[in-house]
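A quick write-up on the structure given underneath.
Whatever order the structure lists ligands and atoms in, that order sets their numbers, starting from 1.
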Amino acid sequence: MSHISAQRTMVQAKFWILRKHFEGFPKDSDFELKEENLPEPQDGEVLLEAVFLSVDPYMRPYSRARMKEGDTMLGTQVSRVVQSRNPKYPVGSYVVANCGWRTRSLSDGSDLRLIHSDWPKELPLSLTLGTIGMPGLTALYGLEEICKIKAGETLLVNAAAGAVGSVVGQIAKIKGCRVVGCAGSDEKVSYLKELGFDYAFNYKTVSSLKDTLLEAAPQGYDCYFENVGGEFSSVVLPQMKQFGRIAVCGSIATYNDTELQTGPYVHGHMIFKQLRMEGFLVFQWKHKDHDSIKRLLDWVKEGKLQCREHVTEGFENMPAAFMAMLKGANTGKAIIKI
Ligand SMILES: NC(=O)C1=CN([C@@H]2O[C@H](COP(=O)(O)OP(=O)(O)OC[C@H]3O[C@@H](n4cnc5c(N)ncnc54)[C@H](OP(=O)(O)O)[C@@H]3O)[C@@H](O)[C@H]2O)C=CC1
Ligand SMILES: CCCCC/C=C\CC(=O)/C=C/C=C/C=C/[C@@H](O)CCCC(=O)O
């Protein structure tokens, strides 16, 4: 092959790198937009074009744990297969790809999840990054595997209007529970009420978190789905019922801390109330994902599970969308549309 024809087959890809490790809250200068040319796929490979990308809270702590400066920002996307030398992923098919903040990527197929061609036309593919994807699975597993929630129980969830929290509250309602949720704006609180939450409040404006939690559930909480961490948890723990279960899903209130937070020690409440508190990562139940995705999709199709997305247009806006999500700009799942 001549030099000229080889050049013609190259395609340009844009990607965001972590230029500098975040110190405290991320800032624009921590990110850098780069470009490179990609060759045609080799045997077994596919060329992917991003359609929707995800920004998620885990990217903040994982950047420190899993990345070095100069690495491509990690993350998942929905992409279209535009060239294929892998029969499992034909041209025109769509996949969820774990290839980071990139417009185009080469993949050997090992990090791809095929979106089946029978995906309902009326549902955006971006839901595979939210309610019918990793965040929805997180909600389901946290409730079923950790909380082991039962009909008639009372559940508390924070960051309740977000990708995970909004699904947590709705599944708990499907299961016949009483659901209390909180979020950081009055608009979000209205959304929670629309979703059928029994009690919803703005944690930023209540005069006393303790009194509000007490008013919402005077008998206390059987289950607490913890997305936020920090001081909030210290207030909740004394209001758990005997044998209460706490699913420690996330700790977003601490991800940008430069110094470790300290708080009241929880041991007394844990012992006297005989509480069970368990941290988890969604991957623990990967073997159930296939069936669980189907369950989530069925609930959406039946109208039992509502989905909302906060969509930012343009790949160049990824850092801004990520930082806005960390600040609470999103109601529902934060998505970037190319
Ligand atoms: N363990 C696991 O496997 C997984 C864990 N997670 C965790 O679940 C949680 C929610 O994730 P996800 O649903 O994707 O994100 P969200 O869509 O909920 O977006 C993040 C939200 O967090 C809230 N928030 C931000 N800072 C604070 C703060 N200081 N105090 C209280 N709330 C804050 C904001 O909402 P508001 O306006 O209400 O403050 C913001 O909208 C995160 O902690 C994440 O790390 C997510 C996926 C998998
Ligand atoms: C204070 C430190 C806390 C550390 C824990 C941090 C975050 C918890 C969390 O949010 C974890 C989420 C992990 C998600 C990872 C997803 C992708 O790597 C893969 C998704 C694949 C798919 O969508 O199919």
Check your understanding: Tell me: protein heavy atom nearest atom 21 (C) of ligand 2, and distance?
Key -> Thr76 CG2, 3.8 Å

Review point. Is Gln12 atom CD crowded by more than 12 heavy atoms from other residues, nucleotides or ligands, each under 6.0 Å away?
Key: yes

Exercise for review: Would you mind listing the cluster partners of Leu112? Hydrophobic ones only (ILVMFWY), side-chain contacts under 4.5 Å, chaining allowed.
Suggested key: Val46, Leu48, Val81, Tyr89, Val95, Leu114

Point to revise | Close-contact set for ligand 2 against Leu281 heavy atoms, below 4.0 Å | key: 11 (C)

**Study point:** For Met134, atoms of ligand 1 separated by under 4.0 Å from a heavy atom
**Key:** 47 (C), 48 (C)

Review point. Are more than 12 heavy atoms from other residues, nucleotides or ligands located less than 6.0 Å from atom NE2 of His287?
Key: yes

Exercise for review: Just let me know how Tyr255 lines up against ligand 1, side chain, backbone, both or neither, with a heavy-atom cut-off below 4.0 Å.
Suggested key: side chain

Point to revise | Contacting atoms of ligand 1, where contact means under 4.0 angstrom from a heavy atom of Ala163 | key: 13 (O), 14 (O), 16 (P), 17 (O), 18 (O)

Check your understanding: Is it the case that Glu309 and Ser126 place a side-chain donor and acceptor less than 3.5 Å from each other?
Key -> yes

Check your understanding: With respect to atom 10 (C) of ligand 1, which of Asp56, Asn202, Val168, Asn227 exhibits the smallest heavy-atom separation?
Key -> Asn227

Review point. What protein heavy atom is closest to atom 12 (C) of ligand 2, reported as residue, atom name and distance in Å?
Key: Tyr58 CB, 3.4 Å

Exercise for review: Determine, considering heavy atoms only, which of Leu281, Val189, Val164, Val248 sits nearest to atom 13 (O) of ligand 1.
Suggested key: Val164

Check your understanding: Are the side chains of Leu297 and Lys301 in touch, meaning some heavy atoms are under 4.5 Å apart?
Key -> yes

Study note, to complete from the structure: Closest non-hydrogen atoms of Asn86 and Asp108, given as atom of the first, atom of the second and distance, are ND2-O, 3.8 Å

Point to revise | Over 12 non-hydrogen atoms of neighbours within 6.0 angstrom of CD in Glu259 | key: no

Point to revise | Donor-acceptor side-chain pairing of Lys34 and Thr72 below 3.5 angstrom | key: no

Practice item. Pick one of side chain, backbone, both or neither for how Val228 approaches ligand 1, counting any non-hydrogen atom pair under 4.0 Å. Key: side chain

Check your understanding: atom 27 (C) of ligand 1: which protein heavy atom is closest, and how many Å away?
Key -> Ile252 CG2, 3.9 Å

Check your understanding: Which is it for Ser107 and Asp111 under the side-chain hydrogen bond (donor to acceptor under 3.5 Å, both in side chains) test, yes or no, and what are the steps along the way?
Key -> CA-CA 7 Å; Ser107 165; Asp111 55 352; 2.9 Å; yes

Review point. Any idea how Phe225 and Phe280 line up, ring-wise: parallel (<30°), tilted (30 to 60°), or perpendicular (>60°)?
Key: perpendicular

Practice item. Could you tell me which atoms of ligand 2, counted from 1 in the order shown, lie closer than 4.0 angstrom to a heavy atom of Tyr62? Key: 11 (C), 13 (C)

Check your understanding: What atoms of ligand 1 come closer than 4.0 angstrom to any heavy atom of Gly184?
Key -> 36 (P), 37 (O), 38 (O)

Review point. Applying a strict 4.0 Å limit to heavy atoms, is Pro61 in contact with ligand 2?
Key: yes

**Study point:** Protein residue, atom and distance nearest to atom 22 (C) of ligand 2, heavy-atom basis
**Key:** Arg113 NH2, 3.8 Å

Check your understanding: Taking the side chain from Lys273 and the backbone from Met270, do they hold a donor-acceptor pair closer than 3.5 Å?
Key -> no

**Study point:** Distance, nearest 0.5 Å, that separates CD1 of Ile174 from CH2 of Trp299
**Key:** 5.0 Å

Check your understanding: Is Cys249 near ligand 1, meaning one of its heavy atoms is under 4.0 Å from it?
Key -> yes

Review point. Do you know which of Tyr58, Phe25, Trp101 makes ring-ring contact (aromatic ring centres under 6.0 Å, His included) with Phe322?
Key: Trp101

Check your understanding: Which atoms from ligand 1 have a heavy atom of Gly250 less than 4.0 Å away?
Key -> 7 (C), 43 (O)

Check your understanding: Any idea which protein heavy atom is nearest atom 15 (C) of ligand 2, and the distance to it?
Key -> Phe283 CZ, 3.2 Å

Review point. Does CD in Glu231 sit with more than 12 non-hydrogen atoms of other residues, nucleotides or ligands closer than 6.0 Å?
Key: no

Practice item. Would you mind listing which atoms of ligand 1 come within a distance below 4.0 Å of any non-hydrogen atom of Val282? Key: 2 (C), 3 (O)

Study note, to complete from the structure: The atoms of ligand 1 lying under 4.0 Å from a heavy atom of Ser251, numbered in the order shown, are 43 (O)

Revision key, fill the gap. Logged contact type for Lys188 with ligand 1, heavy-atom cut-off 4.0 Å, is side chain

Check your understanding: Among protein heavy atoms, which lies nearest atom 34 (C) of ligand 1, and at what distance?
Key -> Gly328 CA, 3.6 Å

Exercise for review: Indicate yes or no: does an N/O atom of Thr138 lie under 3.5 Å from an N/O atom of ligand 1?
Suggested key: no

**Study point:** Nearest-option assignment for atom 15 (O) of ligand 1, heavy atoms, candidates Ser54, Pro57, Gly162
**Key:** Pro57

**Study point:** Within reach of ligand 1, part of Tyr203 (heavy-atom separation under 4.0 Å)
**Key:** side chain

Practice item. With heavy atoms of Leu326 as the reference, note each atom of ligand 1 found under 4.0 Å away. Key: 25 (C), 26 (N)

Study note, to complete from the structure: Per-atom filter on ligand 1: closer than 4.0 angstrom to a heavy atom of Phe280 are 1 (N), 2 (C), 3 (O)

Review point. With a cut-off of 6.0 Å (strictly less than), are more than 12 heavy atoms of other residues, nucleotides or ligands near NZ of Lys241?
Key: yes

Point to revise | atom 19 (O) of ligand 1: nearest protein contact (heavy atom, Å) | key: Asn330 ND2, 3.4 Å

**Study point:** Which atom of Arg113 lies closest to which atom of Thr128, heavy atoms considered
**Key:** NH2-O, 3.9 Å

**Study point:** For atom 8 (C) of ligand 2, the protein heavy atom that lies nearest, with its residue and separation
**Key:** Tyr255 OH, 3.8 Å

